[in-house]
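Here is the structure we will look at, set down as structure tokens.
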Amino acid sequence: MKIIKAESAGFCFGVKRAVDTVYEEIEKGGRIYTYGEIIHNDEVVRDLEEKGVKVIRNEEELRAINEGTVIIRSHGVPREIYEILEKKENVKTVDATCPFVLKIHKTVSEESEKGREIIIIGDKDHPEVVGIISFSGSAVSCIRSEAEADSYVDSTGRSKCIVAQTTFNLRKFNNIVEILNKKCYDVHTVNTICNATEQRQTEALEIASLADAMIVIGGRHSSNTRKLYEICSERCADTRFIQTVDDLDIDSLKDVNCVGITAGASTPNYIIEEVQKHVRGTDF
Ligand code: F3S
């Protein structure tokens, strides 16, 4: 059996930086909190919990904290969260927001100040998008599909600035922008899909076109992993979404000639390696 593993599988730069930051802060000691789970990966979150790291689930829990270190994860947070943290004298804030996300915050803030209406192509409920929305000085529209773009009505006629959730599907983004360009006047589009996502998606698509079965590894709640699964399924009908090696039905791969493996940005390397070893080591 041939196995093709995507080189871009696993932690992206921003996620690695955020996870490393938490481990570094643990070494320094004191009470450590992360605002939300640091990444969408149960294994990593469990390991951190065992080392004493607590997850703050909402604003109310954050308000109740009066000491320790609060780490902001790579998705970023809404402006209000920074404001709450700034007022806490005995709480140290470590901002591990990915620089690519911070750049979107800046773009949205500046463009809305110039009077442009902001359109975010992404999922309005995703924490990254919730954060981005808060940096706009005026109302924001969120669009996540071609169908939503089709039904979008430009009620203000104002010039627009379009940005994207960093992990959005590039092909879908281009389609949506094309639709909006026909409907709106003076559109300034900033493709904020990050390179890591683009590379991962392109490579996944290439491998899925060659493979008879495709394994996508990632956390249940990881939106970038779900998107990878979507992309791979388009090219390879036998695409599987697993969280760890335990979810893999190895027997069902016995008649397969070529297996492709990729993983979302929040999947640690050791989990990818375990899956790869298990597939390679199985003697059918
Ligand atoms: Fe940053 Fe891109 Fe990862 S925006 S968190 S490097 S997917």
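Both ligands and their constituent atoms are indexed starting at 1 by order of listing. Side chains are part of it too, since the values below use all heavy atoms of this structure and drop only hydrogens, waters and symmetry mates. Computed from a prediction, not measured in an experiment: that's the story for all the values here. All residue numbers in this chain count up from 1 along the given sequence.
- In terms of protein heavy-atom proximity, atom 2 (Fe) of ligand 1 is nearest to C194 SG, 2.3 Å.
- What you find for R144 and G122 is that their closest heavy atoms are CB-O, 3.2 Å.
- Interface of T166 with ligand 1, defined as ligand atoms under 4.0 Å from a residue heavy atom, comprises 4 (S).
- Heavy-atom proximity to C98, at under 4.0 Å, picks out these atoms of ligand 1: 1 (Fe), 4 (S), 5 (S), 6 (S).
- Annotation for ligand 1: atoms under 4.0 Å from non-hydrogen atoms of T197 are 7 (S).
- None of I120, T107, V163, V108 except one satisfies the side chain to side chain contact (heavy atoms under 4.5 Å, CB included) rule with S136; the exception is V108.
- Considering only non-hydrogen protein atoms, atom 6 (S) of ligand 1 sits nearest to G14 N, 3.6 Å.
- The residue from V77, T93, I65 that alone fulfils the side chain to side chain contact (heavy atoms under 4.5 Å, CB included) condition with L85 is T93.
- Of the protein's non-hydrogen atoms, C12 SG, 2.2 Å is the one closest to atom 3 (Fe) of ligand 1.
- Nearest heavy-atom pair, T262 versus A204, reported as atom, atom and distance to 0.1 Å: CG2-CB, 4.2 Å.
- Ion pairing of R220 with D42 is present here, as a side-chain N (NZ or NE/NH1/NH2) and a carboxylate O approach within less than 4.0 Å.
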